[in-house]
Amino acid sequence: MKNELENIYHSKINNLNFLLVDITYRKPHLHFDIELAFVLEGTGTVRTQEHSFEISAEQAIIFNNCQLHEFSSRGEMKLLILQFSTQIFEMVSPQLDKIHFESGPFNLRDQPETLRLLLKTALSYFSKDGNTPPVYFGHTVMLFYFSITFWISLLIIF
């Protein structure tokens, strides 16, 4: 896998970015943000330097900052991507900026409150309403709160 550094711009709120993308192929890349990719539709393959995973609708995967990853799909795969800086964890606890997630697909349908908050936060983020930054930031804080119990099983703190 050849490395490509992807620059991420947090245009709406510091340390946080949402993307809605249709992917058939995204070449290997890495970035300084942590990325949560949630499959809305379709199926595909995710590759890291260590593993290759099949991923399908209602599954998600977390990539660590600076972790090389690649997406491919036999058809189109629609992804909702949440990218966030490790600096966002400084608000919770300074040692959390040294987190490392175990990358592998997991089902968000098994975490209905987390899924609901992820989708609600994304809707707020993409809304044209000028008052939404505090709303989606609040949703994001709640999303991290509800999901940290699940993510703790995927987490290694150095």
- Task: Measure the shortest side-chain to side-chain distance between Q67 and T48 over non-hydrogen atoms and say whether it is less than 4.5 angstrom.
- Result: yes

- Might you work through the salt bridge (Lys or Arg N to Asp or Glu O under 4.0 Å) test for R47 and E54, ending with a clear yes or no? CA-CA 9 Å; R47 289 183 191 83; E54 293 300 312; over 6 Å; no

- Message: Between S72 and R26, does the side-chain hydrogen bond (donor to acceptor under 3.5 Å, both in side chains) criterion hold? Intermediate values first, please.
- Response: CA-CA 6 Å; S72 62; R26 174 65 173 102; over 6 Å; no

- Query: Looking at OH of Y25 and OG1 of T45, how far apart are the two atoms once the value is rounded to the nearest 0.5 Å?
  - Reply: 11.5 Å

- Looking at residues at least two apart in the chain, or sitting in another chain, which of them share a side-chain hydrogen bond (donor to acceptor under 3.5 Å, both in side chains) with T24? none

- Item | Nearest heavy atoms of S56 and T43, plus distance in Å | CB-CG2, 3.5 Å

- Query: So, do C66 and F32 sit near enough that their side-chain heavy atoms are less than 4.5 Å apart?
  - Reply: yes

- Query: Out of curiosity, L108 CG to R116 CZ, how far, rounded to the nearest 0.5 Å?
  - Reply: 13.5 Å

- Kindly say whether the aromatic ring centers of F63 and F71 come within a distance under 6.0 Å. yes

- Note on the structure: Distance col, row I62:CD1 vs I34:CD1, nearest 0.5 angstrom, shows 8.0 Å

- Query: What about V21 and V46, same hydrophobic cluster or not, with Ile/Leu/Val/Met/Phe/Trp/Tyr joined at side-chain heavy-atom distances under 4.5 Å?
  - Reply: yes

- Message: With rounding to the nearest 0.5 angstrom, report the CD to CG distance, E35 to L79.
- Response: 8.5 Å

- Query: Who pairs with E58 by side-chain hydrogen bond (donor to acceptor under 3.5 Å, both in side chains), at least two apart in sequence or on another chain?
  - Reply: R109

- Query: Does any non-hydrogen side-chain atom of Q83 lie less than 4.5 Å from one of H31?
  - Reply: yes

- Assess the pair H51 and H69: is the distance between their ring centroids shorter than 6.0 Å? no

- Run the numbers on S73 and I23 for side chain to side chain contact (heavy atoms under 4.5 Å, CB included), then give the verdict. CA-CA 7 Å; S73 178; I23 288 184; 5.5 Å; no

- Item | Hydrophobic cluster membership, F84 vs L20, 4.5 Å side-chain cutoff | yes

- Task: Could you walk me through whether L80 and L119 pass side chain to side chain contact (heavy atoms under 4.5 Å, CB included), step by step?
- Result: CA-CA 9 Å; L80 175 63; L119 297 175; 4.0 Å; yes

- Atom CD of Q59 and atom CG of L40: how far apart are they, to the nearest 0.5 Å? 13.0 Å

- Item | Exercise: identify the closest heavy-atom pair between G104 and F53 | CA-CZ, 3.8 Å

- Query: At what distance, to the nearest 0.5 angstrom, does CD of E50 lie from CG of L68?
  - Reply: 9.0 Å

- Residue among I61, L115, I81, I55 satisfying side-chain contact (heavy atoms from CB on, under 4.5 Å) with F38: L115

